[in-house]
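From a predicted model like this one, the values you see are computed outputs, not experimental measurements.
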Amino acid sequence: MKVGQNIRALRRQRGLTLDELSALCGVNREDLGEYERGSMTPRPDTVQKIAAALDAPIAAIQKGMGWTANQPAEAWETSDTLLREGVVEAMREAGEFPYEERDVLALMESVKAAIPALVEHMKDTRPEAVINREILAQLELLPEDREAAEVRAWALTDEQWEELRDLIPPEKAGRGRAFKSNRLMLDGIIYWMKSGVPWSRLPACFGRHRCVSDRLRLWSRTGLWEQVLPKLVEMDILDEDMVRPIE
């Protein structure tokens, strides 16, 4: 890297070893070696220390770096020049292929746009699995869990419900509070029958589990269930061996 070559050239002109330059500028000897080899880039304040120790103008070290001594460290570290060098180097490491300046600029803009989200992600202290699940949910890529898949698969279709709805009295009968949807309650009952779970573990999408179990008991007491159940079996919605005793 140009800055490292300049440091090495100036040090040798002064007849200094790395140890001697380190003692003069207060910069670690190993870091100085990394700077000269180009594997590390010194911060502006470090360059000022090295320039003072070498009795050389800062411009003699900075030549070709695309930044000035008056810039704060934060501006220099995020400058387009440094970002461009990183993007070009990454493209080179990715393989030999022809690219144009517009390709480099497009990648630079992509990197800049991604930085705020990455910073926020780094601030998030939640477990990685929780964060990943949230991201997948936002992208609608979260795998459907078994319970949700069963609820969806076992729910009555519109056509099935049309065949069954006339067997059940409407939810609103006279005065008073209307019952919850008959279709929702019947879906909950079917799920309870097929899954074998206790009422307390009925999925929340059906509402309070007591509402579903009470609806089944009501239909059983009034003789309605004796009409609905055979129809469910006839339509292959329930198998006879799935029928559970009403608790």
Is there side-chain contact between [X] and [Y], with at least one heavy-atom pair below 4.5 Å?
X	Y	result
Asn182	Leu164	no
Leu32	Arg11	no
Leu16	Leu54	yes

If you take all heavy atoms of [X] and [Y], which pair is closest and at what distance?
X	Y	value
Ile168	Leu186	CD1-CD2, 4.2 Å
Leu18	Glu36	CD2-OE2, 3.6 Å
Cys205	Leu184	O-CD1, 3.7 Å
Arg244	Val197	NH1-O, 3.0 Å
Val3	Pro42	CG1-CD, 4.1 Å
Leu167	Gln227	CD1-O, 4.2 Å

Inset, instruction - Please say whether more than 12 non-hydrogen atoms of neighbouring residues, nucleotides or ligands are located less than 6.0 Å from CG in Asp19. - result: yes
Inset, instruction - Begin from the C-alpha positions of Arg183 and Asp158 and carry the test side chain to side chain contact (heavy atoms under 4.5 Å, CB included) through to its verdict. - result: CA-CA 10 Å; Arg183 181 173 179 174; Asp158 292 341; 2.9 Å; yes
Atom pair [atom1]/[atom2] of [X] and [Y] - distance to nearest 0.5 Å:
X	Y	atom1	atom2	result
Ile246	Arg217	CD1	CZ	9.0 Å
Arg29	Glu34	CZ	CD	11.0 Å
Ile190	Ser195	CD1	OG	11.5 Å
Asp187	Gln160	CG	CD	9.0 Å
Cys211	Leu218	SG	CG	12.0 Å
Leu10	Ile50	CG	CD1	10.0 Å

Inset, instruction - Apply the test side chain to side chain contact (heavy atoms under 4.5 Å, CB included) to residues Trp199 and Leu216: give CA-CA distance (whole Å), side-chain angles for both, the deciding distance (0.1 Å), then the verdict. - result: CA-CA 11 Å; Trp199 286 116; Leu216 177 58; 3.9 Å; yes
Legend entry - SB check Arg14 Glu20 (cutoff 4.0 Å): no
Inset, instruction - Indicate yes or no for a side-chain donor-acceptor contact from Asn28 to the backbone of Glu30 under 3.5 Å, with no hydrogens or angles considered. - result: yes
Inset, instruction - Would you confirm whether Lys194, through its side chain, and Ile237, through its main-chain N or O, come within 3.5 Å as a donor-acceptor pair? - result: yes
Inset, instruction - Output all residues satisfying side-chain hydrogen bond (donor to acceptor under 3.5 Å, both in side chains) with Glu162, sequence neighbours left out; order by chain, then residue number. - result: Arg165
Legend entry - ring pair (Phe, Tyr, Trp, His ring centres under 6.0 Å): pairs with one or both residues in residues 206-225, sequence neighbours excluded: Tyr191-Phe206
Legend entry - Pairwise salt bridge (Lys or Arg N to Asp or Glu O under 4.0 Å) hits with a residue in residues 196-213, at least two apart: none
